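Keep in mind it's a predicted model, so treat the numbers as computed, not measured.
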Amino acid sequence: MLKVGIITFHRAINYGAVLQTYALSKYLRECGYDVQVLDYRCKAIEDSYKVKFALNAYSIKRLLLSPFSSGKKKRFYHFLDENIPHTKSLYTYDELCETAKEFDFIITGSDQVWNSQWTYGDEAYLLNFCKDEQKVSYAASIGKSNVSDEEKEQLQKHLQHFKSISVREQTGKDLLDSLLQKDISVNCDPVALLSKEKWTDVAVSPNEKNYILIYMLVKSDSLMNAAIEYGKKTGKQVLLINDNLRRDYPVVYKRNIAPEEFVGLFCNAGCVFTNSFHGTMFSIIFEKEVHIELQKYKGAPNSRFTDLLKRLGMEDCVFETPEIDENKEINYVSVKEKLKQMQNETKNYFDIAFLKGNE
């Protein structure tokens with residue numbers, strides 16, 4: 001049995017990051033591989049979660065929220081310990097090198113593991129610690145359209161030695177095609193590899209049913225107002241996944257929820273409003289009426305939305321005005337067929353990637 005390691009943002013207090021880690025590890029285990037996530041503690045990422053006091057509004061807010069954040073962190077790490085097989089904690093390059101010897105392949109991805117904004121330039125996510133024949137990526141994302149010459153040089157330096165490369169967005173493939181003389185695959189986010197039924201098994205259901213769910217990665221008054229107005233129009237209760245102390249909107253706040261509760265909120269929703277990629281993914285997996293607002297800030301990684309929705313024939317789920325058509329229907333029979341095709345592409349990718357290592 002091949003031993004496969006994964007390096008990704010599994011310790012991020014972020015629902016998409018943790019759930020994509022869970023999905024990829026579970027999928028590969030079900031394919032018959034012996035899988036562990038490398039419990040790498042990237043110092044820069046770990047430090048970003050520490051509360052540092054200073055006399056400014058942001059630091060004071062973080063200090064006030066820290067008791068709640070601590071509880072949320074415990075729920076995330078409990079989910080990790082219970083559901084995701086992982087190695088001992090690894091802190092250094094030497095520890096990564098030594099641990100890599102235990103595996104036949106190391107996968108970097110999914111998530112924005114090649115976005116220097118999140119990795120702080122840590123080359124571990126470019127697999128600088130293992131042998132060339134071990135290096136594989138899966139649905140790795142660069143996460144931005146504007147990449148500096150220095151970042152391009154770093155990507156080229158490391159990725160030219162990979163056995164197999166898979167990215168999550170066509171824009172990522174286009175960039176790497178310009179830098180490398182290698183085949184680049186485009187594959188779906190790992191959460192799409194598990195069926196609706198398997199995610200339902202993970203879900204912890206809320207008390208509420210058939211509500212409108214809002215999940216924002218980036219705060220948006222226009223998205224909030226559209227959802228609230230739609231709630232008034234349809235008579236449905238509106239729930240918001242949000243950890244803030246302030247209650248700025250007349251909705252039910254769901255704060256500091258665990259990853260399995262996050263899945264449960266999507267599973268039991270009647271309708272979803274979101275500007276989150278993984279919010280979009282879970283809405284699709286659970287076959288929900290979904291209204292997606294693209295992120296509006298300069299340089300926003302909207303290609304991951306547009307690429308996915310175009311592939312699934314769901315472009316009209318993006319809204320730009322507060323007027324929502326309650327009679328619009330999504331052809332989930334067609335969507336499921338396309339998701340199945342994407343899952344088959346993933347299986348073929350791994351079959352070939354792991355075969356290459358044994359040539």
K.L.:
Test L294 against T306 for side chain to side chain contact (heavy atoms under 4.5 Å, CB included), laying out the working first.
P.N.:
CA-CA 9 Å; L294 298 181; T306 53; 4.3 Å; yes
K.L.:
What residues form a side-chain hydrogen bond (donor to acceptor under 3.5 Å, both in side chains) with T346, not counting sequence neighbours?
P.N.:
Y138
K.L.:
Which of parallel (below 30°), tilted (30 to 60°) and perpendicular (above 60°) describes F266 and F282?
P.N.:
tilted
K.L.:
Return yes if a side-chain donor-acceptor contact under 3.5 Å exists between E229 and N225, otherwise no.
P.N.:
no
K.L.:
Should T234 and I212 be marked as a side chain to side chain contact (heavy atoms under 4.5 Å, CB included) after you check the CA-CA gap, both sets of side-chain angles, and the distance that decides it?
P.N.:
CA-CA 9 Å; T234 59; I212 293 173; 3.8 Å; yes
K.L.:
Checking the side chain of S220 only, and the main-chain atoms of L223 only, is there a donor and an acceptor separated by less than 3.5 Å?
P.N.:
yes
K.L.:
Has S178 got a side-chain atom pairing as donor or acceptor with L175's backbone, closer than 3.5 angstrom?
P.N.:
yes
K.L.:
Sort and list the pairs that fulfil salt bridge (Lys or Arg N to Asp or Glu O under 4.0 Å) and have at least one residue in residues 204-215, not counting sequence neighbours.
P.N.:
E208-K254
K.L.:
With sequence neighbours left out, what residues match D39 under salt bridge (charged side-chain N to carboxylate O under 4.0 Å, His left out)?
P.N.:
R41
K.L.:
Is it true that a side-chain atom of T108 and a backbone atom of Y125 form a donor plus acceptor pair closer than 3.5 Å?
P.N.:
yes
K.L.:
With a 3.5 Å distance limit and no angle check, can you tell me whether D34 reaches the backbone of L2 through a side-chain donor-acceptor pair?
P.N.:
no
K.L.:
Within the side chain of E98, is there an N or O that forms a donor-acceptor pair under 3.5 Å with the backbone of D94?
P.N.:
no
K.L.:
Enter the distance from M216:CE to E293:CD here, rounded to the nearest 0.5 Å.
P.N.:
9.5 Å
K.L.:
Which residues pass the salt bridge (charged side-chain N to carboxylate O under 4.0 Å, His left out) test with D316, not counting sequence neighbours?
P.N.:
none
K.L.:
For I214 and V238: C-alpha separation, side-chain torsions, deciding distance, then whether side chain to side chain contact (heavy atoms under 4.5 Å, CB included) applies.
P.N.:
CA-CA 7 Å; I214 307 170; V238 181; 3.4 Å; yes
K.L.:
Could you list the residues that satisfy side-chain hydrogen bond (donor to acceptor under 3.5 Å, both in side chains) with K347, not counting sequence neighbours?
P.N.:
D351
K.L.:
Under the salt bridge (Lys or Arg N to Asp or Glu O under 4.0 Å) definition, can you give me all pairs with a residue in residues 335-345, not counting sequence neighbours?
P.N.:
E287-K336, R311-E345
K.L.:
Between K26 and E30, is a salt bridge (charged side-chain N to carboxylate O under 4.0 Å, His left out) present by the stated rule, with each step listed?
P.N.:
CA-CA 6 Å; K26 184 172 179 61; E30 291 182 345; 3.4 Å; yes
K.L.:
Can you tell which of K73, K72, R255 makes a salt bridge (Lys or Arg N to Asp or Glu O under 4.0 Å) with D243?
P.N.:
K72
K.L.:
For T8 and H10, indicate whether the former's side chain and the latter's backbone hold a donor-acceptor pair under 3.5 Å.
P.N.:
no
K.L.:
Can you list the residues that meet the side-chain hydrogen bond (donor to acceptor under 3.5 Å, both in side chains) rule with Y22, with sequence neighbours excluded?
P.N.:
none
K.L.:
Which pairs would a plain distance check flag for residues 185-192, meaning a side-chain donor or acceptor within less than 3.5 Å of a matching protein atom at least two apart in sequence or in another chain?
P.N.:
residue: N187; atom: OD1; partner: S166; partner atom: OG; Å: 2.8
residue: D189; atom: OD1; partner: V191; partner atom: N; Å: 3.0
residue: D189; atom: OD1; partner: H278; partner atom: NE2; Å: 3.3
residue: D189; atom: OD2; partner: R168; partner atom: NH1; Å: 3.2
residue: D189; atom: OD2; partner: H278; partner atom: NE2; Å: 2.9

K.L.:
Side chains of I330 and V335, heavy atoms from C-beta outward: is any pair under 4.5 Å?
P.N.:
yes
K.L.:
Please name all residues satisfying side-chain hydrogen bond (donor to acceptor under 3.5 Å, both in side chains) with E123, sequence neighbours left out, ordered by chain then number.
P.N.:
Q154, H158
K.L.:
Decide side chain to side chain contact (heavy atoms under 4.5 Å, CB included) for L240 and V252; before the verdict, give the C-alpha distance in whole Å, the side-chain angles of both, and the deciding distance to 0.1 Å.
P.N.:
CA-CA 6 Å; L240 169 64; V252 177; over 6 Å; no
K.L.:
Quick one: which residue pairs count as a ring pair (Phe, Tyr, Trp, His ring centres under 6.0 Å) with a foot in residues 205-254, not counting sequence neighbours?
P.N.:
Y215-F262, Y230-F273, Y230-H291
K.L.:
Is a side-chain N or O of Q134 found less than 3.5 angstrom from the main chain of F103, in a donor-acceptor match?
P.N.:
yes
K.L.:
With sequence neighbours excluded, what pairs up with E102 under the salt bridge (charged side-chain N to carboxylate O under 4.0 Å, His left out) test?
P.N.:
none
K.L.:
Side-chain contact, heavy-atom cut-off 4.5 Å: I241 with L213?
P.N.:
yes
K.L.:
Can you tell me how far apart CD (Q160) and CD (Q181) are? Round to the nearest 0.5 Å.
P.N.:
10.5 Å
K.L.:
Which residues satisfy the side-chain contact (heavy atoms from CB on, under 4.5 Å) test with A258, sequence neighbours excluded?
P.N.:
R75, E260, E261
K.L.:
How long is the straight-line distance from CG of N275 back to OG1 of T280, given to the nearest 0.5 Å?
P.N.:
8.0 Å
K.L.:
So, the side chain of Y40 versus the backbone of T92: is there a donor-acceptor pair under 3.5 Å, distance only?
P.N.:
no
K.L.:
Taking NZ, NE, NH1 and NH2 as the nitrogens, is one of them in K135 or D132 under 4.0 Å from a carboxylate oxygen of the other?
P.N.:
yes
